[in-house]
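These notes concern the structure reproduced below.
A note on names: the letters A, B, ... follow the listed sequences, proteins ahead of strands, and every chain is numbered from 1.
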Amino acid sequence: MAIETLVLGAGQEVGKSCVVVSINGKRIMFDCGMHMGHQDHLRYPDFSLISKSGDFNNALSCIIITHFHLDHIGALPYFTEVCGYNGPIYMTYPTKALGPLMLEDYRKVMVDRRGEEEQFSSENILQCMRKVTAVDLKQTVQVDKDLQIRAYYAGHVIGAAMFYAKVGDTAMVYTGDYNMTPDRHLGAAQIDRLRLDLLITESTYATTVRDSKYAREREFLKAVHKCIANGGKVLIPTFALGRAQELCILLDDYWERMNLKVPIYFSAGLTIQANMYYKMLINWTSQKVKDTYATRNAFEFKNVRNFDRSLINAPGPCVLFATPGMISGGFSLQVFKQWAPYEENLVTLPGYCVAGTIGNRLMSGKPTKIDVDENTVIDVRCQIHQLSFSPHTDAKGIMDLVKFLSPKHVILVHGEKPKMESLKGRIQSELGIQCYDPQNNDMVSIPSTHYVKADASNAFIGSSSTPNFKFPKIRGGNSELGDERVAEGVLIMEKSEKAKVVHQDELLEMVGGMKHEVQFAYCCPVQMSYTERISDSELSSRNFGLHKLLAKLSTELTEDSIQDCGEHLQLESLYISFCSRDNCAYRATEDCIGDKSATTYFCCTWLAADEKLAWEVISIMKKLHVIDT
Amino acid sequence: MKLTCLSKGGGYHCPPCHIVSVGGLQFLLDCPLDLLALTIFSPIPTGSNAVLDGDSDCSPRTFLDSEDGRKRQKMDKTLDADDLIRSEPCYKTVTNLHLWDLSFIDVVLISTPMGMLGLPFLTRTKGFSAKIYATDAAARLGQLMMEDLISMNVDFRQFYGPEESSFPKWMKWEELEVLPSALKEIAVGKDGSEIAGWMPLYSHLTEDPHLHMSHLTDAYTVCRARVLLSAADMKDCMQKVQTLKYAEETCYNGAFILKAFSSGLEIGACNWTIRGPKNSVVCLSSSIFVTSHAMNFDYHALQGYDLILFSDFSLDVNEDTENRVMTAANNLSSVSVFPSNYLYSDGSDTQHIITESLLNTDDSFEEMEKLAFISSCIIDSVKAGGSALIPIGRLGIVLQLLEYISCALESLNLKVPIFVISSVAEELLAFSNVIPEWLCKQRQEKLYSGEPLFGHVDLIKGKKLHLFPALHTETLLKIWQEPCIVFSSHWSLRLGPCVHLLRRWCGDPNSLLVMEISVIQLGMLLVTNNMAMYNLQKGVDADLALLPFKPMAMKILQCSFLSGMKLEKVQPLLKMLHPKVVLFPENLRQHFGGSSTSSISFIQYSENETLRIPRLNLSPELDISTDLAAQLNWTKLTDENIHIARLKGELSVENGIHRLLPGNEQIVASHSGLLMHWGSVNLQSLVASLQNMGINAHVEEETNGTETEYGVHIVGPNRALININATRTVISTGDEKLASLIFEAITNSLDSI
Ligand SMILES: [Zn+2]
Ligand SMILES: [Zn+2]
């Protein structure tokens with residue numbers, strides 16, 4: 001059996017994350033995102049590759065959404081309400097709470113501002129979210145009898161989770177987007193050491209290694225403080241969720257410490273509303289934020305108030321959070337038009353802006369004029385500050401995670417091709433783990449793990465928990481010390497019954513047989529002559545001859561040590577004892593060679609396991625001529 | 001497996017306590033305090049903490065003086081307030097727990113916030129090193145309850161000052177002997193042994209080795225086990241608690257997987273499951289199928305376990321009591337509907353019907369009716385100019401009552417302030433609004449629509465609800481007005497701000513006390529002027545609780561809420577879960593197993609008796625890696641349906657699963673098991689197969705005593721002799737090649753490994 005990974009999105013790109021993994025007959029879709037950069041059919045994953053007939057309910061066991069970013073959830077209402085998927089959908093509580101806000105915002109931008117035909121309606125979003133089962137972190141969710149999933153904290157945005165999935169003995173993790181370092185409001189990603197066949201990880205910053213975040217935060221605060229100290233206005237264009245809260249905590253905290261009174265405004269109702277959600281989801285934030293919620297909920301911003309349009313041209317400094325981010329239109333653009341011409345004002349931009357937005361144009365070079373449309377040209381004299389913090393892990397974080405989990409295989413998604421290739425090389429060479437970076441619509445197949453299930457007897461389990469020192473020495477090798485974890489027994493397969501593992505001692509009872517010992521015996525003649533006169537009684541004493549034999553054999557058999565047990569000599573199962581019976585049944589008369597009177601007989605018995613050894617000893621004994629001096 | 005029920009507890013606030021030994025490990029289930037027993041103490045007298053107005057001053061001196069003048073021999077008279085013990089209270093732990101060597105406990109599982117109030121006593125004990133597990137929410141709520149308890153006890157400490165001896169005076173035998181019998185029974189139990197369970201919450205004192213209590217059965221335990229439950233102890237205790245989410249797996253000792261699933265009883269309350277390689281156990285505590293605050297009882301997750309320890313003692317109601325209550329209720333024209341007590345009928349049940357019957361929402365509907373009724377009584381009181389006092393009991397009830405009351409006030413346009421007075425009020429309410437993951441579906445919907453999870457958030461914002469840590473705060477005095485509605489901390493009406501308010505209002509016939517009683521499924525009784533409670537068996541508790549405040553003109557509304565499964569749901573539930581064995585408390589004998597035709601075996605247990613559970617005879621499952629399985633050498637036995645193979649590998653235990661892996665090459669290569677044969681040798685086929693090898697043999701029968709032995713003689717090419725009897729074959733020859741040919745011929749007719 002194999003694990004088959006079909007990459008429908010985020011293969012060697014960032015956008016429309018969607019990976020369908022088949023494990024032992026179960027099929028899971030991880031993320032169902034849309035691509036912001038495309039306006040045509042390319043904006044959604046090619047769902048037809050999952051099922052030609054469009055019977056998605058039978059084709060998929062479940063959908064798992066890692067977080068509320070549109071590149072991970074954006075196509076979900078389309079897939080459920082338009083394509084008709086009706087099966088189970090899992091996401092964390094915050095993602096279920098905040099996802100609809102993101103989707104609704106996106107839908108509005110599409111329809112209201114761009115005048116596009118809508119792909120899904122508000123009602124579709126609500127209907128879709130009703131099908132979602134919310135999960136808590138670390139909760140083991142039994143999707144069906146065979147499929148188990150579990151969410152782990154991923155940082156990145158509130159509610160972001162890495163998902164573990166296990167079918168039978170095969171297990172994997174899909175990370176979604178994650179951050180290995182904590183930020184103002186979120187903790188770092190956290191996961192157990194799991195036994196994994198496959199890890200699918202994002203690789204946005206596959207080659208970047210970042211320094212401390214605090215220096216960059218200080219830079220931002222300094223820029224803002226300098227601007228308002230000079231009476232300027234600060235415009236922070238952001239999306240409603242995520243970055244807005246992070247920056248707001250940063251500013252609110254700074255305002256408290258510096259005792260600043262300059263107003264901080266939130267533009268639309270959306271962000272204030274979002275804060276309501278954040279307040280209830282405090283358990284999903286960083287430890288520091290959590291610890292203080294009872295006395296002061298960090299999302300209860302003290303210095304933040306609602307913005308009124310009339311305040312745009314009001315005198316005096318202020319800070320304004322306005323949607324949408326990247327100044328792609330809407331209110332943030334309106335304010336930008338008013339504030340950009342004054343050099344005391346400041347506009348902050350995120351680390352990444354999609355091509356075609358004003359934000360993107362402001363980042364490339366330092367334009368002094370920007371034409372918004374045919375009739376409007378804006379003089380840009382204000383200062384621009386580019387934020388350099390990102391909620392994604394850097395290359396070191398990815399390597400750390402891969403090393404920590406040590407999966408059998410790694411698949412990279414959500415990144416840029418050349419960087420992914422270099423990371424792939426590092427994972428293979430530095431960690432020795434097979435790594436893949438498929439492009440969209442590619443399929444990667446890797447073997448899965450299976451165990452044969454058997455009922456084990458207590459004696460079998462017990463035999464291994466006590467040190468077992470009874471191991472035979474390996475001939476020609478060093479003697480092996482008992483490893484206490486080694487277990488041995490017998491596996492029994494009976495038609496139409498579950499396999500059983502028993503200790504050897506229990507076997508006969510299990511299969512209903514009576515033990516039958518098969519032994520070899522041979523009464524071996526050895527030439528022994530004595531120079532001294534030895535009394536008959538002495539000669540016939542068993543021990544006398546036996547000791548002579550022992551001395552001889554010991555010099556011949558250098559590798560094995562023969563044990564002297566008094567009455568007999570022993571080597572493994574081979575027993576050698578003096579034989580005084582003339583009519584010994586195990587004696588063969590034709591063996592009698594040489595001087596009959598100088599022949600002493602030794603009876604040898606052994607088991608099949610020591611056949612080779614026994615014959616070797618016997619051949620030595622036959623050739624011996626013990627002369628006592 | 002062994003089970004010892006240490007205590008069957010006393011309702012919602014004092015869950016049962018068990019020790020279960022599974023796979024050689026000792027699991028302690030819950031560690032509660034019996035806070036109802038606090039009623040034997042006298043509350044601090046009036047005025048010691050007078051804040052609201054100039055109550056007459058009462059110093060400890062005069063209070064204690066009056067105690068000295070107290071008449072002693074009134075054991076047989078009706079109880080009055082003077083009989084109560086005047087001392088800083090002690091707290092009653094599970095007595096039987098002290099008879100155990102606590103260092104032998106490996107794991108403590110906490111099922112409700114109430115189940116952890118006694119934990120700090122445990123964690124302070126020398127040698128105690130068990131791992132403690134609780135859900136995130138239960139641990140947080142439990143901690144808040146402990147903090148509140150400690151802060152309420154401070155009043156007492158300030159009033160009485162530090163104890164002079166290591167042993168409270170009231171615990172001396174002479175003092176106990178003169179206690180009225182009702183109090184004495186609570187203090188020492190029926191056989192006098194329970195005195196060992198009392199612990200002072202706060203104390204500066206160290207052990208006094210000279211203390212002698214020869215009258216008490218276990219005086220030594222009393223001295224030895226005295227520990228201080230201080231704030232520091234509590235913090236120390238909480239640090240030792242490992243918290244989990246619902247359905248989060250944790251592995252103890254590599255071999256045992258522990259999981260907590262919602263029980264519906266309270267926020268964070270859970271049923272534990274223990275799954276080891278050989279045993280799987282569900283610890284089924286008091287559970288509520290459908291609730292309107294906490295997450296519902298997650299019973300689906302409890303399927304597939306071998307044994308269920310049923311410890312929902314809320315069912316402990318005998319019909320006799322119930323009938324009497326019914327009568328009492330009828331006389332008082334109660335509004336509440338009583339649950340009909342019938343067993344779910346067997347037979348015609350498909351899975352669907354079972355689930356339907358389990359999931360019916362009657363429970364929560366009934367509870368909602370009770371809440372609406374209480375709220376209407378409160379409104380009536382404030383309309384009449386009286387105040388309403390609601391001692392804080394169950395968190396869920398408080399949170400919902402706040403919503404019902406504010407709604408009713410709103411609709412009537414009444415402006416009556418609501419206060420919550422507790423040292424942890426702010427934290428408790430704030431906490432309830434940040435835990436959507438622990439709440440029922442309807443509350444979670446509020447998260448999705450961006451509304452606060454509980455109504456109190458908006459009430460606080462709208463200045464309709466005020467939170468105060470204590471009565472004696474200046475801000476409270478500034479906004480205080482009567483009539484008002486107060487929720488306040490207490491334990492058994494002995495500790496906390498509740499006591500002061502009760503003293504203030506007990507003489508006012510317009511005021512109302514809403515009292516939670518721990519009688520299960522009683523419905524609700526509206527009792528005016530404290531009448532008619534005497535004929536209720538458990539009503540005595542309530543009567544004792546009110547003793548210091550008598551005579552009372554204040555109205556009292558006693559109510560009980562659903563605090564466990566309803567009887568009619570037990571059978572269908574067990575049928576659905578279908579374990580092999582159910583352990584149930586003996587007093588529920590009539591409801592278990594009797595009518596059941598199923599294959600479940602029911603075993604009863606009783607308090608303070610150790611029950612040995614017969615072996616379920618389960619073999620642990622072993623996972624054999626495919627690499628290893630591929631290398632196996634299979635042998636087909638003479639019984640052709642059976643194949644066997646020698647198996648050897650590295651055994652590991654991980655997450656309760658035994659795995660056999662190939663291990664290093666040396667391990668696999670070495671073949672240490674001895675070759676083994678079984679069956680019997682068929683002489684004819686032996687001779688035939690020797691013939692095929694070109695060896696001629698003839699058989700001679702030799703009788704050797706009782707045993708028949710055969711000698712197979714071979715003369716050419718070399719001589720050999722084969723001696724065969726029922727259990728043994730000896731091949732003797734000096735020719736190596738011949739020996740191995742014979743061996744082959746022999747083993748052809750035997751099975752071997
Ligand atoms: Zn993202
Ligand atoms: Zn992303």
Side-chain angles (χ1 to χ4, degrees), chain A residues 93 96-97 134 136-141 169 273 276-277 280 282-283 293-294 450-457 461 464 471-472 474 480 483 485-495 501 504 507-508 511 513-522 585-586 588 590-591 607-609 611 615, chain B residues 245-249 426-427 430 433-434 436-437 447-448 450 453 619-626 629 632 637 641-651 658 660 663 666-667 670 672-680 719 721 727-734 736 739 743 746 750-751 753:
Chain A
Y93 284 95
K96 181 171 177 185
D136 202 349
L137 293 174
K138 293 195 172 177
Q139 188 187 338
T140 304
V141 179
D169 301 314
Q273 191 196 346
M276 273 299 296
Y277 287 93
M280 289 185 271
I282 207 89
N283 282 312
Y293 79 89
H450 283 283
Y451 289 98
V452 178
K453 308 276 173 195
D455 282 335
S457 76
I461 299 287
S464 73
F471 287 169
I474 297 165
E480 184 190 341
D483 180 337
R485 287 178 307 159
V486 170
E488 47 176 329
V490 180
L491 181 61
I492 307 170
M493 297 273 269
E494 200 169 345
K495 234 182 210 167
V501 177
Q504 180 170 321
L507 178 67
L508 292 182
V511 299
M514 192 161 71
K515 192 166 175 171
H516 192 101
E517 193 149 27
V518 182
Q519 228 182 32
F520 293 87
Y522 176 56
Y586 305 143
E590 68 265 34
D591 286 340
L607 298 174
E611 219 182 339
W615 288 114
Chain B
K245 312 265 189 190
Y246 281 145
E248 177 178 346
E249 280 183 12
E426 196 181 0
E427 278 173 287
N433 200 45
V434 298
E437 307 86 2
L447 162 72
Y448 302 137
L453 305 173
S619 33
E621 195 172 66
L622 180 73
D623 277 6
I624 304 163
S625 88
T626 34
L632 295 177
L637 296 193
N641 288 325
I642 305 178
H643 289 74
I644 59 170
R646 253 177 211 288
L647 186 66
K648 185 172 186 181
E650 221 177 284
L651 189 74
H658 287 291
L660 198 66
Q666 222 177 21
I667 289 173
S670 75
S672 62
L674 289 174
L675 189 66
M676 186 169 77
H677 299 277
W678 65 96
S680 55
R719 278 173 57 115
L721 171 68
T727 59
R728 204 166 122 110
T729 296
V730 181
I731 304 164
S732 75
T733 173
E736 183 178 349
F743 180 72
I746 294 277
L750 289 172
D751 283 322
I753 184 89

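From Glu494(A), atom CD reaches atom CD1 of Ile642(B) across 4.0 Å, with rounding to the nearest 0.5 Å. Interatomic distance, Met514(A) CE to Trp678(B) CH2, rounded to the nearest 0.5 Å: 13.5 Å. Interatomic distance, CD of Glu517(A) versus OG1 of Thr727(B), reported as 8.0 Å (0.5 Å rounding). Atoms CD1 and CD, on Ile461(A) and Glu621(B) in that order, are 10.5 Å from each other to the nearest 0.5 Å.
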- request: Check step by step if side-chain contact (heavy atoms from CB on, under 4.5 Å) holds for Val501(A) and Leu660(B).
  value: CA-CA 11 Å; Val501(A) 177; Leu660(B) 198 66; 6.0 Å; no
- prompt: Should Glu611(A) and Glu736(B) be marked as a side-chain contact (heavy atoms from CB on, under 4.5 Å) after you check the CA-CA gap, both sets of side-chain angles, and the distance that decides it?
  reply: CA-CA 9 Å; Glu611(A) 219 182 339; Glu736(B) 183 178 349; 5.7 Å; no
- prompt: Is there a side-chain contact (heavy atoms from CB on, under 4.5 Å) between Asp136(A) and Tyr246(B) once you walk through the steps?
  reply: CA-CA 8 Å; Asp136(A) 202 349; Tyr246(B) 281 145; over 6 Å; no
task: Could you go through the side-chain hydrogen bond (donor to acceptor under 3.5 Å, both in side chains) check for Ser680(B) and His516(A) one step at a time?
output: CA-CA 7 Å; Ser680(B) 55; His516(A) 192 101; over 6 Å; no
- request: Before giving the answer on side-chain contact (heavy atoms from CB on, under 4.5 Å), spell out for Tyr451(A) and Ser625(B) the whole-Å C-alpha distance, their side-chain angles and the decisive distance to 0.1 Å.
  value: CA-CA 5 Å; Tyr451(A) 289 98; Ser625(B) 88; 3.9 Å; yes
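For chain A, the nearby part of His658(B) is the side chain; its heavy atoms alone come within less than 4.5 Å. For chain B, the nearby part of Leu507(A) is the side chain; its heavy atoms alone come within less than 4.5 Å. Both the backbone and the side chain of Ala739(B) come within less than 4.5 Å of a heavy atom in chain A. Both the backbone and the side chain of Leu447(B) come within contact range of chain A, with heavy atoms under 4.5 Å apart. For a residue to count as touching a neighbouring chain, one of its non-hydrogen atoms must lie under 4.5 Å from one of that chain's; by this rule Val490(A) touches chain B with backbone and side chain alike. Neither the backbone nor the side chain of Asp751(B) comes within contact range of chain A; no heavy atom of the residue lies under 4.5 Å from a heavy atom of that chain. Proximity to chain A involves both the backbone and the side chain of Leu453(B), based on heavy atoms less than 4.5 angstrom apart.
Shown here for Val452(A) and Ala629(B), the closest heavy-atom pair between the two residues is CG2-CB, 3.7 Å. Closest approach of Ser732(B) to Ala585(A), counting heavy atoms only: OG-O, 3.9 Å. Here the shortest heavy-atom pairing between Val730(B) and Tyr586(A) reads CG1-OH, 3.7 Å.
Listed by chain and residue number, Arg728(B) satisfy the side chain to side chain donor-acceptor pair (under 3.5 Å) test with Gln519(A) (two or more places apart in sequence, or in another chain).
Among Gln139(A), His450(A), Met493(A), the residue with the largest count of heavy-atom pairs under 4.5 Å with chain B is Met493(A). The most heavy-atom pairs under 4.5 Å with chain B, out of Asp169(A), Ile282(A), Asp455(A), Val141(A), come from Asp455(A).
Residue Lys453(A) places its NZ atom among more than 12 non-hydrogen atoms of other residues, nucleotides or ligands, all under 6.0 Å distant.
The closest donor-acceptor contact from the side chain of Tyr93(A) to the backbone of Tyr448(B) lies at 3.5 Å or more, if one exists at all.
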